[in-house]
Amino acid sequence: MTGTRPAIDWPEVHARVERARRALDAVDAGSPEEIQRILSERARALARPLGAPATSGERLQLLIVVLAEERYGIEIARIEDV
């Protein structure tokens with residue numbers, strides 16, 4: 001890169017962070033019981049099977065991802081965007 005970078009407007013950065021902090025503080029998080037109810041509902045929804053499981057002998061097309069020295073396979077049919 002041969003171009004110069006524009007100067008960072010630190011007062012503007014601090015102002016944006018402060019506005020974001022105030023917006024987050026203004027959000028009503030709800031009671032602990034309500035939070036637990038929402039999380040339980042989300043967990044049940046995520047635990048439901050997405051479709052029929054692969055039958056024995058059926059081949060799957062997978063996208064293999066390495067993350068933190070671990071390999072993960074994601075079925076191509078489930079991928080919406082990369």
Side-chain angles (χ1 to χ4, degrees):
M1 286 192 266
T2 59
T4 60
R5 292 184 184 185
I8 296 174
D9 183 357
W10 287 109
E12 175 59 24
V13 170
H14 290 290
R16 289 178 68 184
V17 169
E18 181 60 23
R19 285 194 302 271
R21 186 194 61 76
R22 278 191 248 130
L24 288 172
D25 287 345
V27 174
D28 181 22
S31 68
E33 293 80 14
E34 179 65 10
I35 292 170
Q36 184 60 44
R37 184 193 65 75
I38 291 169
L39 292 176
S40 295
E41 184 178 301
R42 288 179 184 173
R44 279 191 299 278
L46 290 170
R48 283 194 300 263
L50 295 175
T55 60
S56 178
E58 184 178 337
R59 299 183 123 206
L60 293 177
Q61 290 184 325
L62 301 175
L63 170 67
I64 305 299
V65 179
V66 177
L67 181 64
E69 299 180 12
E70 292 189 31
R71 292 178 58 182
Y72 298 90
I74 304 168
E75 189 177 357
I76 298 284
R78 306 285 182 216
I79 298 173
E80 293 182 20
D81 192 15
V82 178

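All residue numbers refer to positions in the sequence shown, counting from 1.
- Contacts of E69 classified as salt bridge (charged side-chain N to carboxylate O under 4.0 Å, His left out), with partners at least two apart in sequence or in another chain: none.
- Pairing each heavy atom of I76 with each of L63, the nearest pair is CD1-N, 3.8 Å.
- Partners of R21 according to the salt bridge (charged side-chain N to carboxylate O under 4.0 Å, His left out) rule, which considers only residues two or more places apart in sequence or in another chain, are E18, D25.
- In this structure, the separation between CZ on R78 and CG on L62 is 11.5 Å, given to the nearest 0.5 Å.
- Every residue two or more places apart in sequence or in another chain that forms a salt bridge (charged side-chain N to carboxylate O under 4.0 Å, His left out) with R37 is listed here: E34, E41.
- No more than 12 heavy atoms of other residues, nucleotides or ligands sit less than 6.0 Å from atom CZ of R71.
- Both L60 and I64 are assigned to one and the same hydrophobic cluster, defined by single-linkage of ILVMFWY side chains at heavy-atom distances under 4.5 Å.
- Counting heavy atoms from C-beta on, the side chains of P32 and Q36 never come closer than 4.5 Å.
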